[in-house]
Amino acid sequence: MKVPVHKIVGDGCRTCKDGERLQREFREAFDRGDTVELDFDKTRIFVTVFFNAAVASLLENYSRDELERRLKIVNLLSAAKELLDHSLDNADRYYHDLNFREVRVSNPDRAPASSTRATAAPPAFGFRSWSG
């Protein structure tokens, strides 16, 4: 399944809601075991909270290996790829490293306020954006 990101969120991938909207477009196919291709052609503004909601939250139910095998990312600018990787690295630790999660949730003084909320996406570990 090919998903044209620009047609769903426009030229900017800015918000958690944008990410959730994108994931709704492909989640059913992904859950069935289909390969999904996210095409970022014509998108130019990226924020980590978007990637948290659109892609990284899948790590709650899937391994990083499976995600990388079945979710193809195309036409994503290299600087935005760094934001995506940052989001995936943090989500992978959050969902799969019990010690990391306990520290983040049980010790809110060491974590951003957003990490103690229950959300569909993993908590944001810093805010990064890129525009080009």
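Just so you know, these numbers come straight off a predicted model, no measurement behind them.
Counting all heavy atoms, side chain and backbone alike, Glu37 lies closest to Lys2 at OE2-CE, 3.2 Å. Contact detail for Phe40 and Cys13: the closest heavy-atom pair is CE2-SG, 4.1 Å. For the residue pair Gln23 and Ala53, the shortest heavy atom distance occurs at NE2-O, 3.0 Å. Across Leu22 and Ala54, no two heavy atoms sit closer than the pair CD2-CB, 4.0 Å.
With rounding to the nearest 0.5 Å, the separation of CZ in Arg93 from CG in Leu59 is 13.5 Å. Taken from CZ in Phe50 to NZ in Lys17, the straight-line distance is 15.0 Å, to the nearest 0.5 Å. Separation of atoms CG (Asn52) and OH (Tyr94) is listed at 11.0 Å; rounding is to 0.5 Å.
Looking only at distances, no side-chain donor or acceptor of Ser87 sits under 3.5 Å from a matching main-chain atom of Leu83. The backbone N or O of Val36 sits nowhere less than 3.5 Å from a side-chain atom of Arg70 that would complete a donor-acceptor pair.
The pair Glu25-Arg21 does not count as a salt bridge, with every side-chain nitrogen at least 4.0 angstrom from each carboxylate oxygen. Ion pairing of Asp85 with Lys81 is present here, as a side-chain N (NZ or NE/NH1/NH2) and a carboxylate O approach within less than 4.0 Å.
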Report task. Give the C-alpha distance, both sets of side-chain angles, the deciding distance and a yes or no for side-chain contact (heavy atoms from CB on, under 4.5 Å) between Arg44 and Leu77. Result -> CA-CA 8 Å; Arg44 298 288 175 253; Leu77 302 170; 3.8 Å; yes

**Report entry** Evaluation steps, side-chain contact (heavy atoms from CB on, under 4.5 Å), between Thr48 and Asn90
**Finding:** CA-CA 11 Å; Thr48 52; Asn90 285 322; over 6 Å; no

Report task. Evaluate side-chain contact (heavy atoms from CB on, under 4.5 Å) for Leu58 paired with Tyr95, printing each intermediate quantity in order. Result -> CA-CA 10 Å; Leu58 294 169; Tyr95 288 124; over 6 Å; no

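Side-chain atoms of Phe46 and Leu76, non-hydrogen and from C-beta on, do get closer than 4.5 Å to each other. Between Arg14 and Val9 there is no side-chain heavy-atom pair separated by less than 4.5 Å. Side-chain contact between Arg64 and Asp92 is present, with at least one heavy-atom pair separated by less than 4.5 Å. At least one side-chain heavy atom of Leu67 sits under 4.5 Å from a side-chain heavy atom of Phe30.
Heavy-atom neighbours of Lys7 NZ from other residues, nucleotides or ligands within 6.0 Å: at or below the threshold of 12.
The cluster map of Ile, Leu, Val, Met, Phe, Trp and Tyr, joined by side-chain heavy atoms under 4.5 Å apart, puts Tyr62 and Met1 in the same cluster.
Qualifying side-chain contact (heavy atoms from CB on, under 4.5 Å) partners for Asp41, counting only residues two or more places apart in sequence or in other chains: Asp39, Asn75. Not counting sequence neighbours, the partners of Thr15 by the side-chain hydrogen bond (donor to acceptor under 3.5 Å, both in side chains) test are Asp18.
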